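A quick note: this is a predicted structure, and the numbers were derived from the prediction, not measured.
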Amino acid sequence: MKVVGIIPSRYASTRFPGKPLAMIKGKTMIHRVCEQAWKSKLDAVVVATDDMRIAEEVLSFGGQYVLTDPMHRSGTDRCCEALDILETQYDAVVNIQGDEPFIDPKEINLLVDLISRDDTQLASLVKRFDDEEELFGPNKVKVVMDKDGKALYFSRSPIPFLRNVDKDKWLQKGVFYQHIGIYAYKAKTLREIAGMQPTPLEMVESLEQLRWLENGLSIHMAVVEANNIAIDSPDDLVKAIEFAQNLPVGE
């Protein structure tokens, strides 16, 4: 099975314009994301962007890009257009977040293994919550799974609800999983979901993966011990720069 990693990368961002070109210890963020993806077992890595400034940066470090429509609703839709633009035919796609410059290649490999299974339409990752503030914060997405590791539901609220347990004891008494926003799709499935209309649960939670569940698709999840640094704001960039100072020389 041939699997391509696609990195959606927009220049315009409400909270952090030009984020992909932000410098982290001598390299742009998009450069670092590509380098981590190159270390995985992906057959190819492609940046899907809507801006020539990003495209030129990708070319400067030997990467591959495709120009996509600036009006896409999501990274998923951008990945679908990129897949159709590519001349090589791929069986599956891993959608790699363009704002995680230190993503572990092992996580990408795990998704490649999951999506390569015949019974997998979609795949993603979770990690166990260990922080009470994050558990109850709406910016961290929670997920519950069935006994086979398939997602049952995603929510911005803590799930499952622990009845008759004080909230300051939830992490002690229960197990809660945080969704990590990296996806893998069979090529056929990606094209299918790109054509789906928004659904009621998706709109109330503002989570596109609920659209897929509402349409009857299965999402296989794998548990990892990730502690990735996602950069959503200039403050996050400061943390990433501090982290990069401890990397080996040349990295």
Side-chain angles (χ1 to χ4, degrees), residues 3-22 28-30 32-34 36-37 40 42 44-51 53-55 57-58 63-86 90 92-101 103 107-108 111-112 115 121-126 139-141 143 151 154 156 179-187 189-199 202-203 205-213 215 217 219 221 226 228-233 236:
V3 184
V4 60
I6 298 179
I7 306 170
S9 186
R10 296 173 59 246
Y11 188 91
S13 170
T14 303
R15 298 181 64 185
F16 194 169
K19 181 169 63 172
L21 302 182
T28 57
M29 181 157 56
I30 191 62
R32 288 191 173 276
V33 177
C34 286
Q36 293 302 99
S40 73
L42 291 166
V45 176
V46 179
V47 174
T49 187
D50 59 358
D51 193 282
R53 287 166 288 189
I54 296 173
E57 167 61 13
V58 172
Q64 181 182 358
Y65 77 90
V66 293
L67 282 176
T68 53
D69 191 325
M71 302 305 295
H72 284 304
R73 297 175 299 180
S74 68
T76 302
D77 292 342
R78 196 173 302 281
C79 281
C80 186
E81 183 188 358
L83 178 66
D84 290 336
I85 291 172
L86 293 172
Y90 292 97
V93 173
V94 177
N95 177 352
I96 301 167
Q97 296 297 313
D99 59 4
E100 293 193 5
I103 185 170
E107 294 176 23
I108 299 173
L111 283 173
V112 172
I115 203 62
Q121 299 170 301
L122 297 144
S124 193
L125 303 177
V126 297
N139 292 329
K140 301 297 183 182
V141 179
V143 60
F154 298 85
R156 297 187 182 277
H179 181 223
I180 299 171
I182 178 172
Y183 298 103
Y185 333 78
K186 288 287 200 313
T189 304
L190 176 56
R191 293 185 174 103
E192 180 182 350
I193 63 179
M196 292 177 179
Q197 295 301 308
T199 52
E202 174 196 4
M203 289 188 286
E205 293 263 18
S206 189
L207 296 172
E208 67 169 334
Q209 59 269 43
L210 290 175
R211 185 193 319 172
W212 313 339
L213 293 183
N215 278 280
L217 297 176
I219 308 175
M221 314 297 291
N228 297 335
I229 299 175
I231 300 175
D232 296 318
S233 68
D236 295 329

With distance as the sole test, does [X] use its side chain to make a donor-acceptor pair with the main-chain N or O of [Y] at under 3.5 Å?
| X | Y | value |
| --- | --- | --- |
| Ser124 | Ile180 | yes |
| Asp236 | Ser233 | yes |
| Gln121 | Thr189 | no |

Q.
Quick check on side chain to side chain contact (heavy atoms under 4.5 Å, CB included): which of Val66, Val33, Ile6, Val58 does Val47 satisfy it with?
A. Val58
Side chain proximity check, [X] to [Y], heavy atoms < 4.5 angstrom:
| X | Y | answer |
| --- | --- | --- |
| Trp212 | Thr76 | yes |
| Asp99 | Phe16 | no |
| Asp50 | His72 | no |
| Ile193 | Met196 | yes |
| Arg10 | Thr49 | no |
| Val112 | Ser40 | no |
| Tyr183 | Gln209 | yes |
| Leu21 | Ile54 | yes |

What closest approach, in Å, do [X] and [Y] show between heavy atoms, and which atom pair accounts for it?
| X | Y | value |
| --- | --- | --- |
| Leu67 | Ala55 | CD2-CB, 4.5 Å |
| Ile229 | Pro101 | O-CD, 3.7 Å |
| Arg78 | Ala48 | CD-O, 3.4 Å |
| Val4 | Leu42 | C-CD2, 4.0 Å |
| Cys79 | Asn95 | SG-CG, 3.5 Å |
| Arg191 | Asp84 | NE-OD1, 2.8 Å |

What's the separation between atom [atom1] in [X] and atom [atom2] in [Y], rounded to the nearest 0.5 Å?
| X | Y | atom1 | atom2 | value |
| --- | --- | --- | --- | --- |
| Leu125 | His179 | CG | NE2 | 7.5 Å |
| Arg53 | Glu57 | CZ | CD | 12.5 Å |
| Ile30 | Tyr11 | CD1 | OH | 13.5 Å |
| Ile7 | Met29 | CD1 | CE | 11.0 Å |
| Asn215 | Leu210 | CG | CG | 11.0 Å |
| Thr68 | Ile85 | OG1 | CD1 | 6.5 Å |

Q | Chi angles and distances behind the side-chain contact (heavy atoms from CB on, under 4.5 Å) call for Ser206, Arg156 | A | CA-CA 9 Å; Ser206 189; Arg156 297 187 182 277; 4.1 Å; yes
(Q) Just to verify, which of Glu192, Glu202, Glu205 counts as forming a salt bridge (Lys or Arg N to Asp or Glu O under 4.0 Å) with Arg211? (A) Glu202
